[in-house]
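Worksheet: the structure to be examined is printed underneath.
Both backbone and side-chain heavy atoms feed into the values below; hydrogens, waters and symmetry mates do not.
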Amino acid sequence: MNQSELNDWRTVNTSGFLFNTSEYHTCPLGFGHYNTVDTCILETAIIVLLTFLIITGNLTVIFVFHCAPLLHHYTTSYFIQTMAYADLLVGVSCLVPTLSLLHYSTGFHESLMCQVFGYIISVLKSVSMACLAFISVDRYLAITKPLSYNQLVTPCRLRLCIILIWIYSCLIFLPSFFGWGKPGYHGDIFQWCAVVWHTSAYFTGFIVCLLYAPAALVICFTYFHIFRICRQHTKEISDRRARFPSHEADSAGEPGPGHSPDRRYAMVLFRITSVFYMLWLPYIIYFLLESWRALENPALSFLTTWLAISNSFCNCVIYSLSNSVFRLGLRRLSETMCSPCLCTKDLNERDAKPRKRANSCSI
């Protein structure tokens, strides 16, 4: 967008009412509109694909938790389900920029849609970030204080923590409605976001100091001590077996080095946290650079933002690859969904030849 187009757009926008922005709309990735279709096909395809994956993936996680009672034995299931619901709402919210790219009028001012959408996305991702920090604290208490863990971590306290997470996330981004700056959303699908709503270095520092930095420090501190303790336990078990080889049969019931259930589960949660920050790090770096006016690139803004949002789909993939209990619940969910078809087929085969009822029908 050149300077004359920018001035024209600002002149049209001074009234503050809804107007058709297709004349001034440009595609974030810089390819412009296509001749046959007046829309940004590549950007729309990326957002639609992510929306579909996020919604289906998190619905799967939610249903699996209902089908696998063993997953509820972990206190972290409260936070993981909260993350799943927040990520599901992220997927539903992504329908808004899709409609904007398709030039579908929602009947609201573009400035209002931009602010509300940016606020909601920021709050939901803040919930996920805070949940990861609380999960790391929970695992830290489980490993460092195993005897008093059940007294320290109760269902009532967990629910209270989740309520506080939602309240804190809603409050920390609220100043964005009072002219402080963008709450952190930079995939400027809305033209008003790209041209009028600027980031503020002070508001960015406010968010970093009260959200990003504390969560990262808590996670680094807790997982460092978790793996240090697990390594010490592994070394002690190895030394004990090397010192008393004759008692190896008696210690068969002990978990082998590196096979502690707490360590395995901590590794799953550590992978989730690592992927979260790897996908969000480019976004946070660009957020800081743009706030200090050191870098401003629409294509880079779009890619870093939607790369970060894609994390909402990654949790279910990590669970399915790393957690055997989750895989069992996923298989049970698949069998339950397929059981009507299997039962119908089984009944038809039973009419032709008597046989035992299939196990899948008795779920």
Please answer: with hydrophobic residues joined when any side-chain heavy atoms are less than 4.5 Å apart, are Leu124 and Val116 in the same cluster?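 Yes, Leu124 connects to Val116 through the hydrophobic network.
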Under a 4.5 Å cut-off applied to non-hydrogen side-chain atoms, are [X] and [Y] in contact?
| X | Y | result |
| --- | --- | --- |
| Leu300 | Tyr286 | yes |
| Lys125 | Ile309 | no |
| Phe173 | Ile207 | yes |
| Leu152 | Lys145 | yes |

Side chains of Ser128 and Asp87: donor-acceptor distance under 3.5 Å anywhere?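 There is such a pair (donor and acceptor under 3.5 Å, judged by atom type) between the side chains of Ser128 and Asp87.
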Are there more than 12 heavy atoms of other residues, nucleotides or ligands under 6.0 Å from atom CZ of Phe63?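 No, the 6.0 Å shell around CZ holds no more than 12 heavy atoms from other groups.
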Taking everything shown except Phe52 itself, do over 12 heavy atoms lie less than 6.0 Å from its CZ?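 No, not enclosed.
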Looking at [X] and [Y], what are the two nearest heavy atoms and their distance?
| X | Y | answer |
| --- | --- | --- |
| Tyr168 | Leu210 | OH-O, 2.6 Å |
| Gly181 | Ser176 | O-CB, 3.3 Å |
| Phe79 | Cys131 | O-SG, 3.9 Å |

With sequence neighbours excluded, tell me which residues meet side-chain contact (heavy atoms from CB on, under 4.5 Å) with Ser136.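 Once residues adjacent in sequence are excluded, the partners of Ser136 under the side-chain contact (heavy atoms from CB on, under 4.5 Å) criterion are Val218, Ile219, Thr222, Tyr223.
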Partners of Leu49 by side-chain contact (heavy atoms from CB on, under 4.5 Å), sequence neighbours excluded?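 By the side-chain contact (heavy atoms from CB on, under 4.5 Å) rule, Leu49 matches Leu53.
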Going by the side chain to side chain contact (heavy atoms under 4.5 Å, CB included) test, name the single residue among Leu211, Ile165, Ile121 that passes it with Ser126.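 By the side chain to side chain contact (heavy atoms under 4.5 Å, CB included) criterion, Ser126 pairs with just one of Leu211, Ile165, Ile121: Leu211.
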Among Tyr202, Tyr119, Phe206, whose ring pair (Phe, Tyr, Trp, His ring centres under 6.0 Å) with Trp180 holds?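 For Trp180, the ring pair (Phe, Tyr, Trp, His ring centres under 6.0 Å) check succeeds only for Phe206.
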